[in-house]
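Reviewing the structure listed below.
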Amino acid sequence: MEHGYVKVAALSPKIRVADPKYNAQAILSQALEAADQGAGVMVFPELCITGYSCGDLFLQELLLEEAKEQLFLIAQQTAQTDALLCLGLPLEYNGKLYNTAAVLCKGQILGIVPKIFLPNHAEFYEARHFAKGMWDTVSVSLRPGLSVPMGAKQIFSCTSMPQLQVAVELCEDVWAPNPPSIGHALAGADLILNLSASDEVTGKDTYRRSLIAGQSARLLCGYVYASASDGESTQDVVYSGHSLIAENGILLKESERFHNEPIYAEIDVQKMVSERRRMSTFVPEAEGYTVTPFSLPKKHVELTRFVDPTPFVPDQKTERDKRCEEILAIQAMGLKKRLEHTNCGRAVVGISGGLDSTLALLVTVRAFDLLGLARGQVTAVTMPGFGTTDRTYENAVQLVCCLGAQLTEISIRDAVSRHFADIGQDPDVHDVTYENSQARERTQILMDLANQSNAMVIGTGDMSELALGWATYNGDHMSMYGVNASVPKTLVRHLVRYYADTCQDKKLAEILLDILDTPVSPELLPPEEGKISQKTEDIVGPYELHDFFLYYILRFGFAPDKIYRLAGIAFYGVYEDAVILRWMKVFYRRFFSQQFKRSCLPDGPKVGSVAVSPRGDLRMPSDACARIWLDEVEKLS
């Protein structure tokens, strides 16, 4: 359960209808196998000890007693199993029969959870045999000397991992308009278990899948759904064993239907707690709940789940293209509104032949198209300096011409040389003053050109640069509207590529593809043999690593050791652990020390769930201390 992960299993053994002895052995067999797989929480189907499809046999005393005896047997046989088990059986209380889930741990029956919503329509007739479960907890005697709590309002709390809070609902409960799991989540449960016997009809699997994923998203929880399968009666319906494991809207695992397939996944309860902590509308309400403790040994959970190395970029092309189009629309609409509000019909963009300025120009002309303004009213300024190469210069010029913007060229070499003389800077000393003087001269030119034509300077810097502070303060750091301010570098590449793929202009596409193939560089140092000498990723590290760190730091508030572990999985075979650790140190050091640049950012549109605007997502002190984060990184060495 290291780093907040708990391994869960949804199990659906092949049973025999009305044969509790056989079914108990099938349950035990799968439970022991799941224990060998490291599962800490196991969920079995609804009424699995007897079978869901017993019909009027549920009224037979012998079946009910045998089911209870087999529950005791399962508890006894799993006393040495380090797991929480949840399995279904019919149980009598105060002269009424209930469809229930028994929760077991290390030989103890911790509690009984009854089904609240009984389907009694179409092929379902549960009300014929079962009573509606009670919300409030009562004490039920299972045998002389053994009474346990029974009721829907129960939380099972792990003492060895306090973030793991488990609750249960049964099948139809989650299909109801007001599922018990809503109350469970508000009472603190971050892992919901569902014992189900959902029969299979055409198209139902699609709805079931979206229902479980959606419920886990709505409640910010992990959700484990185990459904009845082969062995149930097929007199009128068929059960497919469609089991699902979801986490905050993401389907982690899904069984193949009609195969009695056990499924496993690791639920990140730490992430669920983090999500709830930051959501102001998630208001806890635990009145009336009974909390029962249980304990599991602390152990390392091997992660089998996929860890995306590019969390800002969808893996599937269809979804990625949709995301790119959506982001371009958000960026363009943000700029459109700002231009309308300021009654500004002109824009100035510094264009370098690099990715960021290319995206900014693409967004700007799109905004002008939306406004019905001529693209010629966009002034794209190329400002060759000491580090400008022929490749980036030619790409910048051709890009502007293809897009129909007005091209302006102003060399900064003479102006910066005069500035060096004024301040006593040796032009042969290529230090930070040498570099930043060029960036600030370019920004001054853009601002003054904008003043001349009543235009707006469009910022080009992206979110990854802002996170690292890889911008010249009051240089390229500043603009009148920053369209790329919440777009990470890894996503910038895909936005430009998407534009190249969809622009239907062969010449423009060729230019964009060459820009994509150009090393990322501010080009502030002289080239070597005509080629870029200053490559950003050689200095600050790979942007794909920094974007990965940024996502998990800001989106979930994870600690360095957990992010390091995830990065090791995501980039296995790409970067050695020592390389990941090296750049992680750089990230934390720069992220904290460069907050002062983010504290005074220009306006710009938020496009995703992570942003660094000081007015919204990241209200961080500029003088915050990074010690505890850097200390933890050092411990990983």
Output the distance between atom CD1 (Ile155) and atom OG1 (Thr290), rounded to the nearest 0.5 Å. 10.0 Å

Is the distance between the ring centroids of Tyr207 and Trp175 under 6.0 Å? yes

Please report, to 0.1 Å, the donor-acceptor pairs under 3.5 Å made by any side chain of residues 554-571, with sequence neighbours excluded.
from   : atom 1 : to     : atom 2 : distance (Å)
Arg555 : NE     : Ser609 : OG     : 3.4
Arg555 : NH1    : Glu275 : OE1    : 2.5
Arg555 : NH1    : Glu275 : OE2    : 3.2
Arg555 : NH2    : Glu275 : OE2    : 2.9
Asp561 : OD2    : His3   : NE2    : 3.1
Lys562 : NZ     : His3   : O      : 2.8
Lys562 : NZ     : Asp268 : OD1    : 2.7
Lys562 : NZ     : Asp268 : OD2    : 2.8
Lys562 : NZ     : Gln270 : OE1    : 3.0
Arg565 : NH1    : His3   : ND1    : 3.1
Arg565 : NH2    : Val301 : O      : 2.3

Compile the donor-acceptor pairs under 3.5 Å between side chains in residues 32-49 and protein atoms, sequence neighbours left out, one pair per line.
from  : atom 1 : to     : atom 2 : distance (Å)
Glu46 : OE1    : Ala197 : N      : 3.0
Glu46 : OE2    : Asn99  : ND2    : 2.6
Glu46 : OE2    : Lys115 : NZ     : 2.7

If the condition is salt bridge (Lys or Arg N to Asp or Glu O under 4.0 Å), which residues does Asp315 pass it with, not counting sequence neighbours? none

Quick one: closest heavy-atom pair of Gly51 and Ile15, and the distance? CA-CD1, 3.7 Å

Would a 4.5 Å heavy-atom cut-off, applied to side chains only, mark Met150 and Met134 as touching? yes

Checking Asp617 side chain against Ser613 main chain: does a donor-acceptor pair fall under 3.5 Å? no

Any heavy-atom pair between the side chains of Tyr223 and Leu211 that's under 4.5 Å? no

Qualifying ring-ring contact (aromatic ring centres under 6.0 Å, His included) pairs, either residue in residues 227-266, two or more places apart: none

Is it true that atom CZ of Arg278 has more than 12 heavy atoms of other residues, nucleotides or ligands lying nearer than 6.0 Å? yes

Is it true that a side-chain atom of Glu266 and a backbone atom of Thr304 form a donor plus acceptor pair closer than 3.5 Å? yes

Return yes if some donor-acceptor pair links the side-chain N/O of Asn120 with the main-chain N/O of Ala127 below 3.5 Å, else return no. yes

Side chain to side chain, Val307 and Phe548, heavy atoms closer than 4.5 Å: yes

Just list the side-chain donor-acceptor pairs under 3.5 Å for residues 70-98, sequence neighbours left out, or say none.
from  : atom 1 : to    : atom 2 : distance (Å)
Gln70 : NE2    : Glu66 : OE2    : 2.7
Thr78 : OG1    : Ile74 : O      : 2.7
Thr78 : OG1    : Ala75 : O      : 3.3

Under 3.5 Å donor-acceptor, Ser160 side chain and Lys298 backbone: no

Any side-chain heavy atom of Leu59 sitting closer than 4.5 Å to one from His129? yes

Quick one: are His494 and Arg323 in side-chain contact, heavy atoms under 4.5 Å? no

Taking atom OG of Ser240 and atom CD of Glu261, what is their separation to the nearest 0.5 Å? 11.5 Å

Hey, mind stepping through Val166 and Phe294 against side chain to side chain contact (heavy atoms under 4.5 Å, CB included) and telling me if it holds? CA-CA 10 Å; Val166 184; Phe294 70 97; 4.3 Å; yes

Hey, is the main chain of Thr490 close enough, under 3.5 Å, to the side chain of Asp547 for a donor-acceptor pair? yes

Nearest 0.5 Å, what's the NE2-CG distance between His184 and Leu219? 10.0 Å

Heavy-atom nearest pair, Leu618 first then Ala611, reads CB-O, 4.1 Å

Give the intermediate values and the outcome of side chain to side chain contact (heavy atoms under 4.5 Å, CB included) for residues Glu326 and Ile330. CA-CA 6 Å; Glu326 184 179 30; Ile330 292 171; 4.2 Å; yes

All pairs passing ring-ring contact (aromatic ring centres under 6.0 Å, His included) where residues 130-169 contributes a residue, at least two apart: Phe58-Phe130

Could you walk me through whether Ile212 and Gln215 satisfy the side chain to side chain contact (heavy atoms under 4.5 Å, CB included) test, starting with their C-alpha distance in whole Å, then the side-chain angles of each, then the deciding distance to 0.1 Å, before giving a yes or no? CA-CA 5 Å; Ile212 300 307; Gln215 191 69 347; 5.7 Å; no

Could you note down all residue pairs passing salt bridge (charged side-chain N to carboxylate O under 4.0 Å, His left out) where residues 202-224 supplies at least one of them, sequence neighbours left out? Asp199-Lys204, Glu200-Arg208, Asp205-Arg209, Asp205-Arg257, Arg209-Glu254

Quick one: closest heavy-atom pair of Leu296 and Cys105, and the distance? CD2-SG, 4.1 Å

Pairwise distance OG1(Thr50) to CG(Leu64) - rounded to 0.5 angstrom: 8.5 Å

Could you tell me which residues satisfy side chain to side chain contact (heavy atoms under 4.5 Å, CB included) with Phe282, sequence neighbours excluded, listed by chain and number? Ala185, Leu186, Leu220, Arg276, Met279

Under 3.5 Å, is there a donor-acceptor pair between the side chain of Gln154 and the main chain of Thr292? no

For Cys171, is there any backbone N or O sitting under 3.5 Å from a side-chain donor or acceptor partner on Asn194? yes

Could you work out, with side-chain hydrogen bond (donor to acceptor under 3.5 Å, both in side chains) as the rule, every residue matching Lys317, not counting sequence neighbours? Asp321

Got more than 12 heavy atoms from elsewhere within 6.0 Å of CD1, Ile250? no

Any residue meeting side-chain hydrogen bond (donor to acceptor under 3.5 Å, both in side chains) with Asp173, in chain and number order, not counting sequence neighbours: none

Find out whether Pro13 and Asn23 are in side-chain contact, i.e. whether some heavy atom of one side chain is under 4.5 Å from a heavy atom of the other. no

Please identify each residue that fulfils side chain to side chain contact (heavy atoms under 4.5 Å, CB included) with Glu325, with sequence neighbours left out. Arg366, Tyr498

From Phe587, Tyr588, Tyr552, residue fulfilling ring pair (Phe, Tyr, Trp, His ring centres under 6.0 Å) relative to His546: Phe587

Could you state the interatomic distance from CZ (Phe312) to CE (Met463), rounded to the nearest 0.5 Å? 4.0 Å

For the residue pair Tyr575 / Glu544, report whether a side-chain donor-acceptor contact shorter than 3.5 Å exists. yes

So how far is it from Ile327 CD1 to Leu495 CG, rounded to the nearest 0.5 Å? 5.0 Å

Kindly list each side-chain donor-acceptor pair under 3.5 angstrom involving residues 224-233, sequence neighbours excluded, with atom names and distances?
from   : atom 1 : to     : atom 2 : distance (Å)
Tyr225 : OH     : Ser196 : OG     : 2.7
Ser227 : OG     : Ser198 : N      : 3.3
Ser229 : OG     : Ser12  : O      : 3.3
Ser229 : OG     : Ser12  : OG     : 2.7
Ser229 : OG     : Asn260 : ND2    : 2.8
Glu232 : OE1    : Tyr52  : N      : 3.0
Glu232 : OE1    : Ser53  : N      : 2.9
Glu232 : OE1    : Ser53  : OG     : 2.5
Glu232 : OE2    : Tyr52  : N      : 2.7
Ser233 : OG     : Gln235 : N      : 3.1

